[in-house]
Amino acid sequence: MFRLKPADKPRKSASRSLPVTRYNAQVTEPKWQAKWRDSEVFKAERDVERPKYYVLEMFPYPSGKLHIGHVRNYTMGDLVARYKAAKGFNVFHPMGWDAFGMPAENAAMKNNTHPGTWTYKNIAEMKEQFAALGLSLDWSHEFATCDVEYYGQQQALFLDMLEAGLAYRKNASVNWDPVDMTVLANEQVIDGKGWRSGAEVERKELTQWFFKISDYADDLLSALDGLKNWPDKVQLMQANWIGKSKGLQFRFATKGAPAGFDELEVYTTRPDTLFGASFAGISADHPLAKALESNPEVAAFNAECRRTGTSAEALEKAEKLGYDTGIKVVHPFDSSIELPVYIANFILMDYGTGAIFGCPAHDQRDLDFARKYGLEVTAVVSPEGNDFSVETEAFTDTGTLINSRFMDGMDIESAKAEATSRIEAANMGEGKTVFRLRDWGISRQRYWGCPIPVVHCESCGVVPEKKENLPIELPEDINFDKPGNPLDRHPTWRNTTCPKCGGEALRETDTMDTFVDSSWYYARFTSSNADTPTTLADADYWMNVDQYIGGVEHAILHLLYSRFFARAMVKTGHLPERCIEPFNALFNQGMVCHETYSTKDEKGRDVWHSPDELVADGEGYKLRETGEQVNVGPSIKMSKSKLNVIDPIEQIEQFGADTSRWFVLSDSPPERDVEWTTSGAEASWKHLQRVWRMTVEIADENREGEDIALTKATHRAIADVTEGYEGFAFNKSIAKLYEFTAAIAKSKGDRRAAMRTMALLMQPITPHLAEECWEKLGGEGLAVQAAFPEANPTMLVEDTITMPIQINGKRRAEISVSKDASKEEVEKLALAHDAVIKALGGGTPKKLIVVPGRIVNVVV
RNA sequence: GCGAGCGUGGUGGAAUCGGUAGACACGCCAGACUUAAAAUCUGUUGUCCGUAUGGACGUGGGGGUUCAAGUCCCCCCGCUCGCACCA
């Protein structure tokens with residue numbers, strides 16, 4: 001693995017005897033980066049004469065360290081940007097920083113620095129690392145979401161959304177860490193304890209700000225159909241998340257319930273199965289369940305339910321548990337039927353009404369529950385419409401109603417309609433559409449985020465700040481030596497005057513969820529210096545994002561929030577109407593993986609090792625320090641905990657950015673994970689060296705005469721590489737570039753034109769090498785500004801083609817025929833072939849299939 | 001548990017419409033160049049039988065449709081991802 005160290009040679013010998021044929025990326029890459037910068041080739045200007053193309057990669061969190069995953073993500077975006085520019089589009093390719101959030105506060109606590117200092121230092125470092133990649137970015141639109149110019153405009157947006165009724169306050173329960181005095185995210189709660197303090201987490205009710213994303217639930221769902229260039233998977237995930245269901249909400253009359261609970265309201269999507277109901281169930285958090293907690297048994301049962309994990313997986317696998325409350329409900333269609341009411345651990349308070357009726361025959365959970373507690377199981381839908389019973393598997397397919405009196409013989413849809421209209425007629429309930437999607441809680445009790453621009457006034461209540469008082473800036477003089485939100489305990493920052501009455505008032509100290517910051521940055525890029533959130537002229541020209549690229553981990557929240565924000569910005573006049581769906585096309589790239597290396601410590605636990613700690617040892621590796629043999633584990637996503645990380649900066653120093661760019665695109669389809677291997681990276685480096693050697697050779701060559709085969713190969717390469725670029729099949733484009741290289745190497749004719757084409761085809765992937773080759777071959781201007789080659793269709797047609805001949809479906813021979821040979825001609829040629837004559841043995845074929853241009857199959 | 005996706009040589013992968021399975025790359029092997037090595041170039045390389053011409057087998061396993069299946073259908077196995085018990 002570490003046999004070859006290419007950079008050792010060029011680095012050491014760069015000033016001495018570097019062979020002319022050695023391409024020195026360490027010198028060349030910064031040279032071209034400077035030229036691009038000086039000639040401002042990536043600066044985008046509005047130009048109505050040309051079609052625009054907005055390429056955007058999800059902007060990074062400024063951790064300070066470029067990760068190899070970034071390299072893959074941003075290389076793909078850069079390829080698209082450079083390719084589209086070469087195709088004549090006016091490309092907009094901006095970059096910025098998703099800079100608010102917890103890591104800066106954690107760093108501030110640990111190192112006693114200001115979150116801003118830490119963040120801006122990271123941005124500076126990361127920007128330098130970005131520069132080394134040679135990306136075609138227009139940095140003139142750069143911003144960080146923690147820039148006051150950005151979050152000030154976000155506050156203006158918030159005020160407009162508040163006015164438009166899209167923001168409101170309500171109570172919500174949070175995970176509260178009583179030691180750190182802070183709200184915890186779900187992932188910060190481990191086994192019911194705070195991740196940092198280890199204290200038992202409490203449930204606490206706080207008044208929080210929400211965005212009314214639920215107003216758009218139906219629209220966000222139905223508009224998914226229009227997102228033709230989004231992955232199906234993401235559309236499906238969003239659809240499931242929004243979770244629309246049509247059902248019936250109705251009230252059971254109760255018997256034996258405490259005062260105030262004369263009725264129990266339930267929601268069901270299967271009103272057709274009402275005659276199969278054998279119990280009613282309520283969540284442990286249902287008001288009725290809480291009202292019964294004076295009974296210690298109920299209190300204990302409810303507490304037990306709340307302790308069970310909250311994830312779907314944990315609950316699905318957990319045993320179904322119920323507590324019979326002794327209360328009965330009366331069947332809405334027959335008052336002589338009474339059903340027991342159970343508190344059950346599989347009912348969610350957050351969905352519907354937190355209460356259900358159970359129909360065991362047609363719902364697996366209800367069936368498991370019924371079997372456990374000995375409840376009746378009556379099938380009311382039958383696949384064939386005849387007598388039918390259910391044992392251990394609930395019947396959830398379509399069928400015909402049975403055992404259901406007035407609904408007998410109906411199909412499910414008519415039965416649903418019938419049951420609903422009867423309930424409605426009896427004034428016991430109504431048909432209702434319910435969404436899973438809940439409103440978006442944006443309040444965070446933290447410092448490093450965008451302050452929510454409202455004040456609390458004793459006499460006027462909650463008052464929005466005036467726009468002319470924006471931005472509400474975060475105070476600089478804060479510290480993290482005490483737990484809690486520094487804004488809360490700041491001596492003066494909270495104190496302000498009420499925008500309405502002018503009296504004394506206190507500022508809101510909650511800041512916004514960082515998902516807010518990333519929900520509109522794509523729009524802000526189009527007018528990054530404006531003193532309004534956007535300007536319509538710029539937004540109208542540059543929006544929408546034509547190609548958005550990022551990881552699938554953002555498939556739901558970020559993308560759904562962004563879609564909501566675009567709607568909110570249209571409503572509040574910050575985006576033109578047609579920008580309601582901001583991302584025309586979405587691409588999710590795969591991860592970068594690497595093998596893992598481990599040894600065992602004295603207790604038999606795994607100890608992980610990074611690739612630089614190893615030396616090759618026969619088939620495997622051993623530790624350089626101790627010589628101990630290491631275990632080679634599977635290739636998994638690079639992670640700090642497993643130490644299977646490759647530092648892109650080291651790679652760039654050794655091989656150059658072009659090699660990394662080429663490699664991350666070469667081996668796997670972009671949407672799949674790619675495995676980083678040293679041998680693969682070396683192979684990429686060798687190939688780029690070969691291209692350079694050929695360029696030098698060809699530049700000095702004085703050959704005459706066109707090699708028609710090479711000309712054809714050139715047009716073939718143009719067509720194939722273009723197809724790969726257009727279809728996000730960059731690995732196939734690279735395969736074609738390898739083939740094209742071999743074709744040029746073989747040619748005995750004039751190879752200059754082919755090699756120039758090669759430079760332009762490679763430019764989107766390996767821009768520095770492409771410039772160097774382009775210049776060496778006498779290309780005019782910069783390769784980055786040259787038009788992308790166009791294939792001549794007449795050069796792509798082969799006059800004769802090879803056609804395989806199958807005998808009984810197995811390939812046995814092939815014939816060479818003219819490309820437009822008729823069916824009859826092909827038949828004649830095929831039947832005259834020795835192999836066919838032999839197979840027929842003098843007889844005639846049973847069947848003869850000729851697919852012109854494709855294949856011949858002789859059945860004997 | 002539910003939902004989605006995937007499974008092809010020693011390895012990553014290609015085969016876009018049901019029509020030559022294994023493009024391209026890695027690795028391995030052989031040769032050229034070299035005193036030698038590195039670098040570079042050329043060639044071989046799915047497995048098995050055979051000196052060879054050639055043949056058999058082969059896309060996770062089993063069955064099916066078809067002149068023809070990696071591709072379509074059914075059943076099974078394995079892996080990966082998502083999940084808020086969604087009534």
Side-chain angles (χ1 to χ4, degrees), chain A residues 3-4 6 9 19 21-22 186 232-233 236-237 240-241 243-245 247-248 266-271 273 281 283 308 310-318 320 344-348 350-359 362-366 368 434-438 552-553 555-556 593 634-636 663 666-669 672-684 686-687 689-690 693 720 723 727 729 731-739 741-742 745 802-814 845-851 853-860:
Chain A
R3 279 153 300 171
L4 180 75
K9 279 166 189 139
T21 51
R22 176 84 68 172
N186 283 331
D232 293 345
K233 180 183 172 158
L236 186 71
M237 284 167 83
N240 289 342
W241 192 263
K244 180 179 185 171
S245 61
L248 169 67
V266 300
Y267 177 74
T268 179
T269 53
R270 292 295 302 271
T273 63
S283 161
T308 325
T310 52
S311 78
E313 195 187 355
L315 286 161
E316 275 287 0
K317 286 182 180 161
K320 306 282 174 286
N345 66 346
F346 60 94
I347 298 166
L348 280 182
D350 286 325
Y351 189 79
T353 60
I356 61 156
F357 74 80
C359 176
H362 306 290
D363 184 295
Q364 192 61 45
R365 285 159 309 173
D366 294 349
D368 295 346
V434 166
F435 293 91
R436 253 169 35 111
L437 182 69
R438 297 179 216 141
V552 74
E553 65 272 22
I556 297 175
C593 301
S635 189
I636 55 171
F663 179 66
S666 65
D667 251 17
S668 287
R672 270 210 236 174
D673 293 351
V674 65
E675 186 182 354
W676 184 282
T677 60
T678 305
S679 56
E682 285 167 2
S684 300
K686 283 186 201 170
H687 178 72
Q689 291 293 341
R690 185 185 189 200
R693 272 197 314 278
D720 291 347
E723 198 185 331
N731 56 324
K732 287 189 246 170
S733 294
I734 286 183
K736 298 301 175 185
L737 287 169
Y738 274 115
E739 282 180 16
T741 309
T802 306
M803 260 175 106
I805 300 176
Q806 292 182 335
I807 293 167
N808 290 336
K810 297 199 177 200
R811 194 183 68 91
R812 282 292 182 265
E814 51 188 36
K846 276 191 196 143
K847 205 166 181 181
L848 185 61
I849 291 119
V850 178
V851 185
R854 283 277 188 182
I855 204 161
V856 180
N857 192 6
V858 186
V859 185
V860 296

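Letters A, B, ... mirror the listed sequences (proteins, then strands); counts begin at 1.
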[X] [atom1] - [N] [atom2] separation (whole Å):
X        : N      : atom1 : atom2 : answer
A:Gln806 : B:rC67 : CD    : P     : 13 Å
A:Glu739 : B:rA25 : CD    : P     : 8 Å
A:Leu848 : B:rA68 : CG    : P     : 14 Å
A:Lys233 : B:rG82 : NZ    : P     : 8 Å
A:Phe663 : B:rG13 : CZ    : C1'   : 12 Å
A:Ile807 : B:rU20 : CD1   : P     : 16 Å
A:Asp363 : B:rC2  : CG    : P     : 12 Å
A:Arg811 : B:rC57 : CZ    : P     : 15 Å

[atom1]-based separation of [M] from [N] [nearest Å]:
N      : M      : atom1 : result
B:rG55 : B:rC72 : P     : 30 Å
B:rC81 : B:rG43 : C1'   : 43 Å
B:rA68 : B:rG19 : P     : 14 Å
B:rA69 : B:rG62 : P     : 15 Å
B:rG27 : B:rA36 : P     : 24 Å
B:rU66 : B:rU8  : C1'   : 22 Å
B:rU59 : B:rG7  : P     : 14 Å
B:rG22 : B:rA15 : P     : 13 Å

Query raised in the report: What's the spacing between A:Met803 CE and A:Glu814 CD if we round to 0.5 Å?
Result: 11.5 Å
Taking any strand in view, what nucleotide pairs with [N] in a Watson-Crick or G-U wobble way, both distances under 3.5 Å?
N      : result
B:rU71 : none
B:rU20 : none
B:rA52 : none
B:rC57 : B:rG46
B:rC81 : B:rG3

For [X], answer base if it contacts any base atom (sugar-phosphate contacts may also be present), sugar-phosphate if it contacts only those atoms, and nothing otherwise; contact means non-hydrogen atoms under 4.0 Å.
X        : result
A:Arg270 : sugar-phosphate
A:Arg438 : base
A:Ile347 : base
A:Val859 : sugar-phosphate
A:Ile356 : base

Any heavy-atom pair between the side chains of [Y] and [X] that's under 4.5 Å?
X        : Y        : result
A:Arg690 : A:Thr741 : yes
A:Val859 : A:Pro845 : no
A:Asn731 : A:Val674 : no
A:Asn857 : A:Val851 : no

Among the candidates [options], find the nucleotide nearest to the side-chain atoms of [X].
X        : options                : result
A:Ala735 : B:rC67, B:rA21, B:rC24 : B:rC24
A:Arg812 : B:rA25, B:rG55, B:rA87 : B:rG55
A:Leu236 : B:rG13, B:rG19, B:rA4  : B:rA4
A:Lys686 : B:rU40, B:rG19, B:rU42 : B:rU40

Distances under 3.5 Å between nitrogen or oxygen atoms of protein and nucleotides 7-12 of chain B:
unit_1 : atom_1 : unit_2   : atom_2 : d
B:rG12 : O2'    : A:Ser668 : OG     : 3.4

Report summary line: When every non-hydrogen atom of A:Phe357 is compared with those of A:Arg270, the smallest separation belongs to CZ-O, 3.8 Å
**Report entry** Residue pair A:Val266 / A:Thr353: nearest heavy atoms and the distance that separates them
**Finding:** CA-OG1, 3.3 Å
Report task. Syn or anti for B:rC26, please, going by whether the chi angle lies within 90° of 0. Result -> anti
Query raised in the report: Does B:rG62 adopt a syn or an anti glycosidic conformation, taking syn as a chi angle within 90° of 0?
Result: anti
Below 4.0 angstrom from OP1 or OP2 of [N], is there any side-chain N or O of [X]?
X        : N      : answer
A:Asn731 : B:rA14 : yes
A:Lys810 : B:rC57 : yes
A:Arg854 : B:rC67 : no

Query raised in the report: Toward the 5' end of RNA chain B, which comes first, A:Asn240 or A:Glu814, by nearest nucleotide?
Result: A:Asn240
**Report entry** Closest-nucleotide 5' rank along RNA chain B - winner of A:Lys732 and A:Thr353
**Finding:** A:Lys732
Query raised in the report: Is there a side-chain contact (heavy atoms from CB on, under 4.5 Å) between A:Thr273 and A:Asp363 once you walk through the steps?
Result: CA-CA 10 Å; A:Thr273 63; A:Asp363 184 295; over 6 Å; no
Query raised in the report: Can you name the ring-ring contact (aromatic ring centres under 6.0 Å, His included) partners of A:Phe663, sequence neighbours left out?
Result: A:Trp676
Report task. Identify, with sequence neighbours excluded, every residue that meets side chain to side chain donor-acceptor pair (under 3.5 Å) alongside A:Asp368. Result -> A:Gln364
